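The model shown is predicted, which means the values in this text are computed figures rather than measured ones. Labels below follow one simple rule: chain letters A, B, ... track the order of the sequence lines, proteins then strands, and each chain is numbered from 1. These numbers come from the heavy atoms of this one structure, side chains and all, not from hydrogens, waters or symmetry mates.
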Amino acid sequence: MKTVVDILEERISAAMAAVGSVGSPQVSGQSGFPAIVRPAADAQFGDYQVNGVMALAKKMKTNPKQLAEKVLEKIDVADICEKPEVAGPGFINLKLKPDFVAQNLLQINIDNKRLGIEKTDRPQTVVVDFSCPNVAKQMHVGHLRSTIIGDCICRLLEFEGHKVIRQNHIGDWGTALGMVILGLWHMCMAEKRGGKPYYENDIEDLKVYANNKQELKNICNRIRIRHEEDWEEDFIEWRGDGKKRFKPFLDNLKTREDSAIWEKITILYQYVNLLEESLVGLGLTTITRVKKKSYKKDENPFEYISIPYESLSRHITAMMQNIDDKDNEQEKDAWERIRKISLKYFHEIYRILNVKLSMEDVRGESDYRKNLSSTVNDLLRHNTAVKSNEAICIFPDGFKTKEGKPLPFIIQKSDGAYLYATTDLAALRYRVKELKADKIIYVTDARQKQHFEMLFKVAKMAGWLKDGQVFHVMFGSVLGDDGKPLKTRSGENVKLKELLDEAVERAKAVVEQKNSDLPDEEKKEIAKAVGIGAVKYADFSNNRTSDYVFSFDKMLAMEGNTAPYMQYAYARIKSIERKAISKEVDVEKELSKIKSLDLAERAELDLAKQLVRYGEAVESAADDYRPNYLTSYLYELAQKFSTFYTTCPVLDAAPAKRPTRLLLCDLTARTIEHGLRKLLGIEVPKQM
RNA sequence: GCGCCCGUAGCUCAGCUGGAUAGAGCAACGGAUUUCUAAUCCGUAGGUCAGAGGUUCGAAUCCCCUCGGGCGUACCA
C-alpha cells in the first residue's frame with residue numbers, strides 16, 4: 001500500500017505537469033513538477049497542503065493563485081479527499097474523506113506484519129558501521145549515540161526491505177594496541193612492587209596537579225624514574241627483554257578471571273592515556289629498545305634509543321605492527337585475551353540496550369591488519385599517495401592546514417605505523433569488494449566529519465567508490481550539565497553500564513509507587529523496559545546533529561514526550577482487552593467481523609488519520625536517517641490516543657460503535673508496538 | 001588564521017528540497033477522577049527565531065556582515 005502522501009504527490013504532480021506544459025513548454029523540460037505535499041501546518045487548513053504550485057508559478061513567471069486554480073481543475077483526488085481548496089498565496093488544501101480513512105485503516109488492519117507499509121522496490125546491500133567501542137575501555141555515554149542510532153537505522157532499512165550488513169568496527173589496533181601492552185606492563189610491575197597499585201596513586205596525583213606545571217613535572221619525573229628502574233631490572237639475557245617478570249606475567253594472565261582483568265585493564269588504559277596527556281611539553285625522555293635490522297647469532301638483537309616518554313605507547317605500537325611474528329606470540333595472546341574480554345562486556349551492554357549486534361558483526365580494525373601494506377602500496381602505485389616528511393600521504397583537494405598548505409591524509413607514519421585512516425581505507429575497500437555494498441553508512445560523531453570527507457575523497461581518487469555510495473551520518477557531542485563537552489579524560493566519563501543501572505533503578509521506584517500490587521518479577525521487567533526505554537528514547541527524540549546535553553534527570557524523566565508515555569498508552573489498551581472478558585465483550589470476534597468503520601467523533605477521526613500516517617513517518621525517518629521523525633510521530637499518536645481514550649468509552653460504548661473503537665485501540669497498540677519494539681528496540685510491557 | 005557546526009519560550013528541544021498566525025515537553029497558573037490504569041486529559045500564560053543587511057509574492061530556513069559558543073586543522077581515534 002502506498003502512503004497517502006505519495007499518492008497525493010503523484011496525482012497532483014501529474015495535474016501540475018498538465019497545466020505547466022500547456023502554458024510554458026520550456027518549463028516542462030525540467031525535472032518535473034513536484035507537488036510538495038506536506039502535512040498541513042494547521043489543522044484548520046485540513047490534513048495536507050500542497051506547496052509546490054507557488055514554486056512552479058515562479059518558474060513560469062505567472063500568478064500563483066491563478067495557477068493553483070488551474071491545477072485544481074485537473075486534480076483527480078475525489079476518491080481520497082473532500083473538494084480541494086485554494087488558499088493564501090497559492091496553497092492547495094486537502095482534507096481526507098472519513099470514508100477513505102476508514103477504508104485505508106481496514107486495509108492496514110488486514111496486514112498484520114507490515115501494517116500496510118510496502119517494501120522498497122529497489123532493495124540494496126547496505127553496510128552500516130556503528131557502535132565501534134575501544135578495546136580495554138569502558139563504554140561511556142559517548143558510545144550510546146552511535147550504538148543506538150546505528151541500530152535504529154539498521155532496523156529501519158531492514159524493514160524497508162534492504163539487505164543490511166552491520167559492522168562493529170571496534171578500536172582494537174593502532175595506538176590502542178600499544179596502550180594495552182604498556183598497561184599490562186604497568187599491571188605487572190605494580191604487582192611486583194605490591195601494596196596499593198602505584199598507578200592508582202599516580203592517577204590521583206596527575207589529576208590534582210593537572211594545572212600546576214612544575215609539580216606535574218616532578219610527578220612525571222618520579223614516575224619515569226620508577227619506570228626505568230623496573231624496566232632495567234626486568235631481564236635475563238639482555239637489558240629490557242622482559243624475560244624475568246613481564247613474560248612470565250603474560251603467561252600467568254591465562255589463569256586469571258575475566259572480570260578481574262577487565263576491571264584493572266580499563267583503569268590502566270586510562271592511566272596510560274592520562275600520563276601521556278600530562279607529559280606533553282614536559283620534555284622528559286626514556287630509554288627503549290628497537291630490533292636491529294641485522295644481527296649475529298648470540299648477539300643482542302636489540303639496540304637502545306632515547307625517545308620522548310609520552311610517545312612510548314606509540315613506539316610499542318610500531319613494534320607490535322608485526323604481532324603475528326613468532327617473537328610476539330605472548331603479546332599477541334595477551335592482546336587477544338583483552339580483546340575477547342572487552343567484547344564480552346560490550347555485548348552485555350548491547351543485550352541490555354536491546355541492540356541487535358552480535359559477535360558475527362564484529363569486524364575490528366585488527367581484522368584489516370594484513371591488508372594495510374597492500375592498501376598503501378596500491379595508492380603509491382596509482383600515484384595517489386606520495387611520501388612527505390617520511391610519512392606516506394595523500395593530498396586531496398580542498399583541505400588546508402593551519403598554515404594554508406595542503407592537508408595530508410596520512411596513511412603511514414614516519415615510524416612505519418599505520419593509522420585509522422589506513423584501516424578505514426582497507427575496511428572501505430573490503431566493504432565494496434567483498435561485501436558488495438551498494439551503500440555504506442558511517443554512524444559517528446560530528447567531530448570526525450573532516451576525516452570522513454577526506455576518506456571518501458581519497459577513496460574516490462583511487463577509484464574505489466562511486467558518487468553517492470557513502471554517507472557520514474553524524475551526531476552531536478555529549479555535553480555536560482555545564483554545556484561544555486564531556487571530555488574523555490579519565491574519571492570524567494560516565495560509564496554506560498552505571499547509567500543504565502540507575503535508569504532501571506529509578507524506573508523501579510516509580511513502578512513500586514504506581515503499581516505496588518504487581519508480582520515482583522513483573523515489576524522488574526517493567527522497570528527494565530521503562531528505564532532503558534527512557535534513556536534510548538531521550539536520545540532518539542533529539543535532533544541527531546545537535547549536541548547532546550547529558551543529564552540524568554532529563555534522560556530519566558518519565559513524563560511528557562518520553563518512552564513511558566507511549567508504553568503507558570499501550571498498557572491501557574492491553575488493560576481494556578483484559579477487562580473485556582468481565583464485561584462479556586468478545587474482542588476477537590468483534591474485530592474479525594468488522595466490515596466498516598464509524599468515525600463520527602472528532603477524537604476517533606483524528607486518531608484514525610494519525611494511524612494512516614505511520615508509513616509516512618517510517619519513510620521519512622529512514623530516508624534521512626533521523627529517528628526523531630519516528631519518535632515525534634509515535635508521540636503524536638499516543639497523544640491522540642489519550643484524547644480518544646478520555647472522550648470515547650470503548651467497552652461501554654453502544655454495541656454499534658464498539659467494533660470501530662476496538663479496532664482503533666488494537667491498531668494503535670500494534671503501531672506503538674511496531675514502532676517501539678521493532679524499529680527502536682524499546683520494549684512494550686502489557687502492564688505498567 | 002582557515003574550515004565546519006550551532007545560537008528558536010525561564011529550562012530542554014522540534015520545526016522535513018523556502019510556505020500560511022514559529023510548535024512540543026518540563027517548570028508556572030486554572031480546571032477534570034463514583035465510569036476501560038491520573039505515568040492521563042482540557043485550558044491559560046510565555047517569542048525582536050543572537051543582531052544588522054540582502055535575495056522574493058513569502059525567510060527560523062538561502063546569501064553577506066557582526067557578536068557569542070563548540071569542533072577540527074601532518075604523523076591520536
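For U37(B), the OP1/OP2 oxygens have no side-chain nitrogen or oxygen of K574(A) closer than 4.0 Å.
To the nearest angstrom, P of G70(B) lies 19 Å from CD of Q450(A). In this structure, the CD atom of Q448(A) is 20 Å from the P atom of G70(B), given to the nearest Å. The CG-C1' distance, from D129(A) to A77(B), rounds to 13 Å in whole Å. Regarding K457(A), its NZ atom lies at a distance of 13 Å from the C1' atom of G3(B), rounded to whole Å. Nucleotide A77(B) holds its C1' atom 14 Å from the CG atom of L177(A), rounded to whole Å. Rounded to whole Å, atom P of A77(B) lies 12 Å from atom CD of E276(A). The nearest whole Å value for the distance from the CE atom in M60(A) to the P atom in U56(B) is 20 Å. At whole-Å resolution of the value, CG in D666(A) and C1' in C36(B) are 15 Å apart.
Looking at which nucleotide of RNA chain B each of P408(A) and V650(A) is closest to, the 5′-most match is held by V650(A).
Heavy atoms of E403(A) sit nowhere under 4.0 angstrom from any nucleic acid atom. If you check every strand for non-hydrogen atoms under 4.0 Å, A391(A) touches a base. Residue K400(A) is in sugar-phosphate contact alone, with no base atom involved, counting any heavy-atom pair closer than 4.0 Å across all strands shown. The residue L419(A) sits close only to the backbone: its heavy atoms come under 4.0 Å of sugar-phosphate atoms, none of a base. Residue S414(A) is classed as a base contact, given a heavy-atom separation below 4.0 Å to a base. Residue contacts shown for C393(A) include a base, since a base heavy atom lies under 4.0 Å away.
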Are K574(A) and E577(A) close enough, and set up right, to give a salt bridge (Lys or Arg N to Asp or Glu O under 4.0 Å), and what steps lead you there?
CA-CA 5 Å; K574(A) 292 294 143 186; E577(A) 290 171 7; 3.2 Å; yes
Start with the C-alpha distance between K449(A) and E453(A), add both sets of side-chain angles, then the distance that settles salt bridge (Lys or Arg N to Asp or Glu O under 4.0 Å), and finish with yes or no.
CA-CA 6 Å; K449(A) 193 177 180 222; E453(A) 281 171 355; 3.5 Å; yes
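Rounded to the nearest Å, the gap between the P atom of G1(B) and that of C65(B) is 14 Å. Nucleotides A14(B) and G7(B) are separated by 9 Å at their P atoms, to the nearest Å. For the C1' atoms, the distance from A38(B) to G46(B) is 26 Å, rounded to whole Å. Annotation: G53(B) and C67(B) have their C1' atoms spaced 15 Å apart (nearest Å). Using P as the reference atom, U61(B) and C2(B) are 24 Å apart when rounded to the nearest Å. As rounded to the nearest Å, G70(B) and U33(B) have C1' atoms that lie 49 Å from one another. Here the separation of G23(B) from C16(B), taken at their P atoms, is 13 Å to the nearest Å. If you take atom C1' in A27(B) and the same atom in U44(B), they sit 15 Å apart, rounded to whole Å.
Residues passing the side-chain hydrogen bond (donor to acceptor under 3.5 Å, both in side chains) test with H472(A) are T444(A), sequence neighbours excluded. Every residue was checked against the side-chain hydrogen bond (donor to acceptor under 3.5 Å, both in side chains) condition with Y269(A), not counting sequence neighbours, and none meets it. Remark: D6(A) engages T3(A) in a side-chain hydrogen bond (donor to acceptor under 3.5 Å, both in side chains) (not counting sequence neighbours). By the side-chain contact (heavy atoms from CB on, under 4.5 Å) test, D415(A) pairs with A318(A), K413(A), A417(A), sequence neighbours left out. With sequence neighbours left out, the side-chain hydrogen bond (donor to acceptor under 3.5 Å, both in side chains) criterion links E10(A) to K2(A). Legend: residues meeting side-chain contact (heavy atoms from CB on, under 4.5 Å) with Q167(A), ordered by chain and number and at least two apart, are V127(A), I165(A), R363(A), Y368(A), Y430(A), R431(A), L435(A).
Aromatic pair Y420(A)/H451(A): centroids less than 6.0 angstrom apart. Centroid-to-centroid, the aromatic rings of F91(A) and F45(A) stay 6.0 Å apart or farther.
For the side chain to side chain donor-acceptor pair (under 3.5 Å) condition, the pairs that include at least one residue of residues 42-57 of chain A, sequence neighbours left out, are D47(A)-K609(A), Y48(A)-R613(A), Y48(A)-E616(A), Q49(A)-N51(A).
Within a 6.0 Å sphere centred on NZ of K95(A), other residues, nucleotides and ligands contribute 12 heavy atoms or fewer. Surrounding NZ of K508(A) are more than 12 heavy atoms belonging to other residues, nucleotides or ligands, all under 6.0 Å away. Within a 6.0 Å sphere centred on CD of E85(A), other residues, nucleotides and ligands contribute 12 heavy atoms or fewer. The number of heavy atoms from other shown groups lying within 6.0 Å of NZ (K528(A)) does not exceed 12.
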Between protein and nucleotides 38-44 of chain B, map the contacts as a letter string: B base, S sugar-phosphate only, - none, heavy atoms under 4.0 Å, written 5' to 3'.
SBSSS--
Heavy-atom protein contacts under 4.0 Å, nucleotides 4-20 of chain B, coded B base, S sugar-phosphate only, - none:
S-------SSSSSBBBB
Using a cut-off of under 3.5 Å, enumerate the N/O to N/O pairs linking the protein to nucleotides 62-64 of chain B.
none

Give me the distances for all protein-to-nucleotides 30-33 of chain B N/O pairs that come in under 3.5 Å?
none

A correct dot-bracket answer for RNA chain B, with pairs being Watson-Crick or G-U at under 3.5 Å, [ ] for crossing pairs and | for inter-strand pairs, is (((((((..((((.....[...)))).(((((.......))))).....((.((..]....)).)))))))))....
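A donor atom on one side chain and an acceptor atom on the other are not found under 3.5 Å apart for H169(A) and Y442(A).
Both tests hold for R572(A) against Y645(A): distance to the six-membered ring centre under 6.0 Å, angle to the ring axis within 45°.
Of the possible donor and acceptor atoms, one in the side chain of Q567(A) sits under 3.5 Å from a partner among the backbone N and O of A529(A).
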